[in-house]
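None of these values were measured; they are calculated from a predicted model.
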Amino acid sequence: MHFLNPSRWYLHPVFIFSCSIIALAAALVITVHWYMEITSALETVIKKFHIEPALIFPSKTGMVILVLTLLVTVVLTGILLAFIYYQKTANLFRLQHNFIYNFTHELKTPVTSLKIYTETFIRHDLDREDIKKYSEYMLKDVGKLTDNINRILNLAKMESGSYGAELVNADPVELIRDFTHKNRTLFRDLEITVAPAENSGFVCRVNVFLFEMLLMNLISNAAKYNDSERPSLKVTVDELKHKHLIHFTDNGIGIDKRETGKIFRKFYQSHNGDSGEVKGSGLGLYLVFSIAKIHGWKVSAHSDGPSRGTVFTLYIPKSNANGTNGKNLWKMLKKSVSWS
C-alpha cells in the first residue's frame, strides 16, 4: 500500500489528479479559443473577398468541436470519478488500519488482565472475598472479549449473507420489550423504559435474529458510553404520515454534532469530547445501519453535544408494516437462499 502514501510530493495522486484536470481543461479552453480566433479572422477574409462561406467552413467543423468538447468532458468526469474512488479507498484503508490497531488493543487488554488474575490465584492464597472480587473482574474482561469477538462474527455473517431469512410479522416494540426482559442481567446497571403496548401497536416484517443484533448494539452503547449516576434508556414510538419512528434516547456522553453523520460508517471510531479519546470498535453502529438497510428501514442519530445524551431513531416505512415485504427483504431472502 506504499502507493497510497507516496513519500515524494510529485507522485501524490492529488497532485497528479490536479495536473491532469488543469492540463485537460487548458487544452479545451485553448482549442475553443483558437477556433474562435481563426473563425473570426476567416470571417473577415470572407467578407473582404466575397468568398463562399461553405468553401472555408466545412459543415463538419462545428460537429468536430462539439464531439471534442464532449470527449474531453467525459475524460474529465472519468478522472474525477477515479479520484473519488481513490479517496474512498484510501479513507477505508486508513479506518481499517486504525480499527485493527485499536481492536488488537481491545483484545490484548482483557487478555493481559485475565493472565494477571490467573497468576495471582496460582501464586497466592486468597480469602473468599478477594477471590470473589477478582472473579468479578475476570468476568467483565471475558464479557469484553466475547462482545468484541461477537461483533466480528456478526459482521462476517452480515457480509456473507449467512444470517438466515426467517421473516415474521411482529410488533418491533414488543420485540424490544421481550429482548430487554430476557437480557436484563446484561443491562442491570441501565434503567430501560419501553413505550407501553397501547402506544406501539404496529406490525412489520422483521428478521428477529438481526433485529436482536441491532438492539444489542444500541442498548450496549447506551450502557457503555454513559457517565451518568443513573444511566437510562427510553424507547418511545412516534408516527409520521408514511413512517413509524422508534426512538432510543439515552443520557450518555453524547456525540459531537460533527460526527453524527459519520458514526454509521464501517470502522469509524468516534472521539470522546475534547479529550480526543477514541471510543468503540467501529463496528457496532455500522451493524445497526446495515441491519436497518436490509429491512428497508433507515436509522439516524441526534445529539446536542458531548455529555448531553444521544437519540437514535429507526424509521420504518408503513409500506413495510402490516405484513408487507419491502424490496430489501426480498433481496435478503434471495441472497440467503443462494448462500445456503
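- Looking at S300 and Y315, their side chains do bring a donor and an acceptor atom within 3.5 Å of each other.
- When side chains are defined from C-beta on, I246 counts as touching P172, because their heavy atoms get closer than 4.5 Å.
- At a threshold of 4.5 Å between non-hydrogen side-chain atoms, the residues K318 and K243 do not count as touching.
- Expressed to the nearest 0.5 Å, how far CD of E259 lies from CZ of R265 amounts to 10.0 Å.
- At distances below 3.5 Å, at least one donor-acceptor pair connects side-chain atoms of R184 with backbone N or O atoms of H181.
- Atom OH of Y137 has 12 or fewer neighbouring heavy atoms from other residues, nucleotides or ligands inside a 6.0 Å radius.
- Separation of atoms CD1 (I176) and CD (E212) is listed at 11.0 Å; rounding is to 0.5 Å.
- Heavy atoms only, all atoms of each residue included: A170 and L175 are closest at CB-CD1, 3.9 Å.
- Distance check: D250 CG to Y225 OH gives 12.0 Å after rounding to the nearest 0.5 Å.
- Between E129 and K132 there is no salt bridge, since none of the side-chain N atoms of the basic residue sits less than 4.0 Å from a carboxylate O of the acidic one.
- Side chain of S303 to main chain of G309: a donor-acceptor pair is present (N/O by atom type, distance under 3.5 Å, no hydrogens or angles).
- At a threshold of 4.5 Å between side-chain heavy atoms, the hydrophobic network of Ile, Leu, Val, Met, Phe, Trp and Tyr places L245 and L215 in two separate groups.
- Under a cut-off of 6.0 angstrom, the local environment of CZ in F289 is sparse, with at most 12 non-hydrogen atoms contributed by other residues, nucleotides or ligands.
- Test V168, I291, V206 against F211 for side chain to side chain contact (heavy atoms under 4.5 Å, CB included) and you get one pass: V206.
- Between the NE2 atom of H295 and the CG atom of N207 there is a distance of 5.0 Å, given to the nearest 0.5 Å.
- The two residues S228 and P231 make their nearest non-hydrogen contact at O-CD, 3.5 Å.
- Remark: D127 CG is packed, more than 12 non-hydrogen atoms of other residues, nucleotides or ligands lying under 6.0 Å away.
- Between the side chains of N226 and N251, at least one donor-acceptor pair of N or O atoms lies under 3.5 Å.
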For this session: Kindly indicate, with the supporting measurements, whether the criterion side chain to side chain contact (heavy atoms under 4.5 Å, CB included) is fulfilled by V173 and V194.
Result: CA-CA 8 Å; V173 180; V194 183; 3.9 Å; yes

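- Residues F187 and I192 meet the side-chain proximity criterion, which asks for heavy atoms closer than 4.5 Å.
- Residues Y134 and F121 meet the side-chain proximity criterion, which asks for heavy atoms closer than 4.5 Å.
- Looking at heavy atoms from C-beta onward, T310 lies out of side-chain contact with H302 at the 4.5 angstrom threshold.
- Under 3.5 Å, the side chains of T236 and H247 contain no donor-acceptor pair of N or O atoms.
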Report task. Evaluate side chain to side chain contact (heavy atoms under 4.5 Å, CB included) for N221 paired with V288, printing each intermediate quantity in order. Result -> CA-CA 11 Å; N221 279 1; V288 169; over 6 Å; no

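- M216 places a side-chain heavy atom less than 4.5 Å from the side chain of F179.
- Annotation: side chain of T313 is not in contact with side chain of V299 (no heavy-atom distance under 4.5 Å).
- One hydrophobic cluster, built from ILVMFWY side chains closer than 4.5 Å, cannot hold both I116 and M138; they sit in different ones.
- Distance check: L214 CG to F312 CZ gives 10.5 Å after rounding to the nearest 0.5 Å.
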* To do: Evaluate side chain to side chain contact (heavy atoms under 4.5 Å, CB included) for C204 paired with W297, printing each intermediate quantity in order.
  => CA-CA 11 Å; C204 64; W297 308 343; 3.9 Å; yes

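- For the side chain to side chain contact (heavy atoms under 4.5 Å, CB included) test with L218, the passing option among L285, L233, V235 is L285; the others fail.
- Not a single donor-acceptor pair under 3.5 Å links the side chain of R308 to the backbone N or O of G305.
- Between V311 and F248 there is no side-chain heavy-atom pair separated by less than 4.5 Å.
- A distance of 10.0 Å separates NZ of K224 from CG of N217, quoted to the nearest 0.5 Å.
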